[in-house]
Amino acid sequence: MVPLSYYLALSVALFFVGFTGFLIRRNLIMMFISIEIMLNSINISLIALSHYMQDIRGQILALFVIAIAGGAVAVGLIILILAYKNKPTLKLEDFNILREE
């Protein structure tokens with residue numbers, strides 16, 4: 001059996017990777033992927049703590065996080081596709097069309 005500390009260490013490491021990727025990357029797709037990595041690290045810790053405490057509420061909350069993250073990414077990708085039609089680039093610095101008005 002894998003101890004709880006290993007799951008929490010994995011969760012912290014994944015969250016750090018996602019957070020670093022979100023801060024460093026300027027590509028919008030990579031930023032979406034970094035957000036997903038951070039949310040999945042939270043899900044790992046929720047499920048591990050839920051299993052450790054023998055309580056199912058953490059697993060239910062992880063399901064809600066997965067559902068909400070899936071919806072948010074779908075809406076974000078739709079917005080990104082529509083913005084890409086107007087300006088064919090994925091760099092964050094090039095999307096300043098709201099600031100010009």
Quiz item: Leu14 and Ile37: which non-hydrogen atoms are nearest, and at how many Å?
Solution: O-CG2, 3.3 Å
Quiz prompt | Shortest non-hydrogen contact between Leu46 and Gly58, atoms and distance | solution = CB-O, 3.9 Å
Quiz item: Can you find a heavy atom in the side chain of Ile60 that is under 4.5 Å from one in the side chain of Phe64?
Solution: yes
Quiz item: If you look at every heavy atom in Ser50 and Ile56, which pair is closest and at what distance?
Solution: OG-CA, 3.8 Å
Quiz item: Roughly how far apart are Ile33 CD1 and Glu36 CD, rounded to 0.5 Å?
Solution: 9.0 Å
Practice problem: May I have all residue pairs that pass salt bridge (charged side-chain N to carboxylate O under 4.0 Å, His left out) and include part of residues 68-79, sequence neighbours excluded? | Solution: none
Quiz prompt | Arg57 atom CZ: more than 12 heavy-atom contacts under 6.0 Å | solution = no
Exercise. State yes or no: do Met30 and Tyr84 share one hydrophobic cluster built from I, L, V, M, F, W and Y residues joined by side-chain heavy-atom distances below 4.5 Å, directly or via other members?
Key: yes
Quiz item: Between His51 and Gln59, what is the shortest heavy-atom contact and its length?
Solution: N-NE2, 4.4 Å
Exercise. Group every Ile, Leu, Val, Met, Phe, Trp and Tyr by side-chain heavy-atom contacts under 4.5 Å, then state whether Ile42 and Leu8 land in the same group.
Key: no
Quiz item: Do Phe15 and Leu61 share a hydrophobic cluster (ILVMFWY, side-chain heavy atoms under 4.5 Å, transitive)?
Solution: yes
Quiz item: What heavy-atom pair brings Ala62 and Ile47 nearest, and what distance separates the two atoms?
Solution: CB-CG1, 3.8 Å
Exercise. Give a yes or no on this: more than 12 heavy atoms of other residues, nucleotides or ligands lie within 6.0 Å of atom CZ of Phe32.
Key: yes
Quiz item: Same hydrophobic cluster for Ile35 and Leu23, using side-chain heavy-atom links shorter than 4.5 Å among ILVMFWY?
Solution: yes
Self-check item: Shared hydrophobic cluster, Leu39 / Tyr7 (ILVMFWY, side-chain heavy atoms < 4.5 Å)
Solution: no
Quiz item: Does the side chain of Leu82 come within less than 4.5 Å of Asn86's, by heavy atoms?
Solution: no
Exercise. Indicate the atoms forming the closest heavy-atom contact of Ile44 with Ser11, along with that distance.
Key: CG2-CB, 4.3 Å
Quiz item: Quick one: OH on Tyr52 to OG on Ser5, what's the gap to the nearest 0.5 Å?
Solution: 10.0 Å
Quiz item: Is Leu77 close to Ile29 at the side-chain level, that is, under 4.5 Å between some pair of heavy atoms?
Solution: yes
